[in-house]
2 protein chains.
Amino acid sequence: MANTADKSPNAVATTRADLVFTDLRQRIVEGLVVMGSKISEPELARHYDISRSTLRDALSRLEGCGLLERKANVGYRVVTLSTEKLLEIFRVRESLEGMACNLAAKNMTAEQIAELKSLLTQHEQNESLQQGEAYYQKEGDLDFHFKIVFGSGNGLLIRLLCEELYYLVRMYRYQFGMASPRAKKAFREHHNIIQAIEDKDGELAEILMRRHISASRLNVEKRMNTL
Amino acid sequence: MANTADKSPNAVATTRADLVFTDLRQRIVEGLVVMGSKISEPELARHYDISRSTLRDALSRLEGCGLLERKANVGYRVVTLSTEKLLEIFRVRESLEGMACNLAAKNMTAEQIAELKSLLTQHEQNESLQQGEAYYQKEGDLDFHFKIVFGSGNGLLIRLLCEELYYLVRMYRYQFGMASPRAKKAFREHHNIIQAIEDKDGELAEILMRRHISASRLNVEKRMNTL
DNA sequence: TATTAAATAATTGTCGACAATTTATTATGG
DNA sequence: CCATAATAAATTGTCGACAATTATTTAATA
């Protein structure tokens with residue numbers, strides 16, 4: 001229950017590079033490895049007490065996740081987040097999760113839907129006091145989206161969203177602090193999405209999800225313009 | 001004009017691993033490295049006359065593109081394409097390229113649109129004789145989609161589609177032979193999409209692109225059911 | 001002093017070797 | 001003969017060292 005996102009089969013890391021990959025990913029997401037900073041391979045290798053080869057294995061995988069960037073003969077840097085990039089992510093999520101929702105309406109089992117419902121009400125109660133911020137910070141929101149993407153049954157969608165984009169999203173929330181005034185609204189929107197899925201109305205579910213994400217994007221755009 | 005897809009800045013490969021990465025990618029796409037086959041690191045390293053470390057660097061990047069799969073302590077395999085996976089790709093393209101089209105309608109310059117138009121009429125004339133198949137095989141179709149995605153101006157979209165998915169799409173076309181009866185229709189659909197983009201009607205452009213891709217998917221689904 | 005050039009230091013790219021694990025082969029027993 | 005266990009071979013994971021490139025510092029010149 002701790003971390004919402006382990007790759008299904010790969011939950012247990014078997015190799016040293018796996019360990020470092022997972023640990024470093026978390027540290028980047030949380031900002032312990034400062035964003036935009038250069039990765040010193042010798043230093044990091046010492047820190048983990050592994051060889052550079054092993055470290056590089058982990059680093060190249062992090063690059064695949066979009067958390068690191070690499071330039072030949074220069075090295076790796078932690079990705080630099082910007083408002084522009086955040087907006088790009090929103091657009092991609094809008095289209096991808098919209099599709100996921102559409103497919104979820106067709107493919108989710110009754111059990112899965114029930115799980116989703118219980119997850120939402122559980123979140124609603126546990127955190128109705130600690131307004132808003134906690135919901136986003138503690139990643140309850142992403143749990144919800146995660147389950148829907150999974151429910152789509154589309155392996156490629158799952159890979160793109162759950163194994164790549166969502167880590168970037170977490171990174172933003174940790175470091176930019178997504179304290180949004182949308183918490184209450186978000187709950188209601190989640191409810192409506194579930195309803196559409198339950199009704200097997202894929203088209204509506206897609207529209208609702210797109211609006212749901214689009215609203216977050218507009219929120220950021222608005223805040224950006226006032227700065 | 002040879003290859004439609006080099007990463008903009010990285011056109012020239014500077015390092016040995018880059019070279020191997022690019023070459024191996026092409027060989028996998030074309031099926032010269034048989035799909036589903038296991039990668040023998042010692043053998044491939046000998047083939048390219050490089051060390052395993054350098055090869056592994058290339059392999060891990062190929063994994064990031066979704067062309068290779070890796071299992072700890074077992075090694076890399078070329079991805080195995082299936083009709084199911086192809087349908088998954090279509091769904092993702094439908095949503096992603098739909099969004100790209102929407103954004104392209106907002107962001108493409110007059111010049112870019114003119115280029116797109118000339119590309120299409122050029123393709124139309126050059127290959128109107130060599131019916132259908134050539135258009136898909138020679139990747140004229142992907143060129144068109146490529147330019148639109150680029151026109152969206154969304155870096156993430158560009159990365160996901162042009163640097164990952166499109167290589168898988170090419171792989172399918174090379175190895176499954178996408179001889180479709182849709183060539184004529186496809187041209188008309190492309191024209192309509194351009195028109196919508198020119199009219200700055202993002203919403204319509206998105207719908208048209210989604211239908212365009214969806215039609216290809218339905219085509220595959222139909223053929224699958226008759227087998 | 002500011003700018004450029006040379007020399008030095010540090011980092012990445014590449015290599016070959018060994019250890020750990022998996023796969024293939026052979027041996028053993030029912 | 002088949003199934004299982006032990007052994008051998010091959011493959012991947014990991015390591016440390018050297019070469020090539022980049023970054024930094026020092027020296028030289030205007």
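The chains referred to below are lettered A, B, ... by the order of the sequence lines, with proteins before strands, and numbering in each begins at 1.
- Nearest-nucleotide assignment on DNA chain D puts the 5′-proximal partner with A/Thr54, out of A/Thr54 and A/Val74.
- Side-chain atoms of B/Glu88 come within 3.5 Å of backbone atoms of A/Leu156 as a donor-acceptor pair (strictly under, hydrogens ignored).
- If you measure from atom CG of B/Asp57 to atom P of D/dT12, you get 16 Å, rounded to the nearest angstrom.
- Computed from coordinates, the B/Asp49 CG to C/dC15 C1' distance equals 12 Å when rounded to whole Å.
- Checked against C/dT23, C/dG13, C/dT21, the side chain of A/Asn73 finds its nearest nucleotide in C/dG13.
- A/Tyr76 has its OH atom 23 Å from the P atom of C/dA10, to the nearest Å.
- Contact check, B/Ser40 against D/dA10: no side-chain N or O comes under 4.0 Å of OP1 or OP2.
- Nucleic acid contact for B/Leu55: none, since no nucleic acid atom lies under 4.0 Å from a heavy atom of the residue.
- Heavy atoms of other residues, nucleotides or ligands lying less than 6.0 angstrom from NZ of A/Lys117 number 12 at most.
- Donor-acceptor pairing under 3.5 Å is recorded for the side chains of B/Ser214 and B/Arg217.
- For B/Tyr48 and C/dT14, the OH to P distance is 14 Å, given to the nearest whole Å.
- Going from atom CG of A/Leu59 over to atom C1' of C/dT11 covers 13 Å, rounded to whole Å.
- When the P atom of D/dT12 is taken as reference, atom CD of B/Glu63 falls 14 Å away, rounded to whole Å.
- The separation between A/Arg56 atom CZ and D/dT12 atom P is 19 Å, rounded to whole Å.
- Nearest approach of A/Leu87 to A/Met224, heavy atoms of both residues: CD1-CE, 4.1 Å.
- The side chain of B/Arg16 contributes an N or O atom lying less than 4.0 Å from OP1 or OP2 of C/dT14.
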Interface polar pairs with nucleotides 16-18 of chain D, N/O, under 3.5 angstrom:
unit_1 : atom_1 : unit_2  : atom_2 : d
D/dG16 : O6     : A/Ser53 : OG     : 3.3

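- Classified by interplanar angle (parallel below 30°, tilted 30° to 60°, perpendicular above 60°), the ring pair B/His145/B/His212 is parallel.
- Around the NZ atom of A/Lys38, the shell of radius 6.0 Å holds more than 12 heavy atoms that belong to other residues, nucleotides or ligands.
- In this pair, A/Phe176 and A/Tyr172 present their aromatic rings perpendicular. The plane angle is above 60°, beyond the 30 to 60° band.
- Look at CG on B/Leu19: it is 9 Å from P on C/dT14, rounded to the nearest Å.
- Here the nucleotide nearest the side chain of A/Pro42, chosen from D/dT12, D/dT22, C/dT12, is C/dT12.
- Remark: A/Lys38 is in phosphate contact with C/dT12, judged by side-chain N or O atoms under 4.0 Å from OP1 or OP2.
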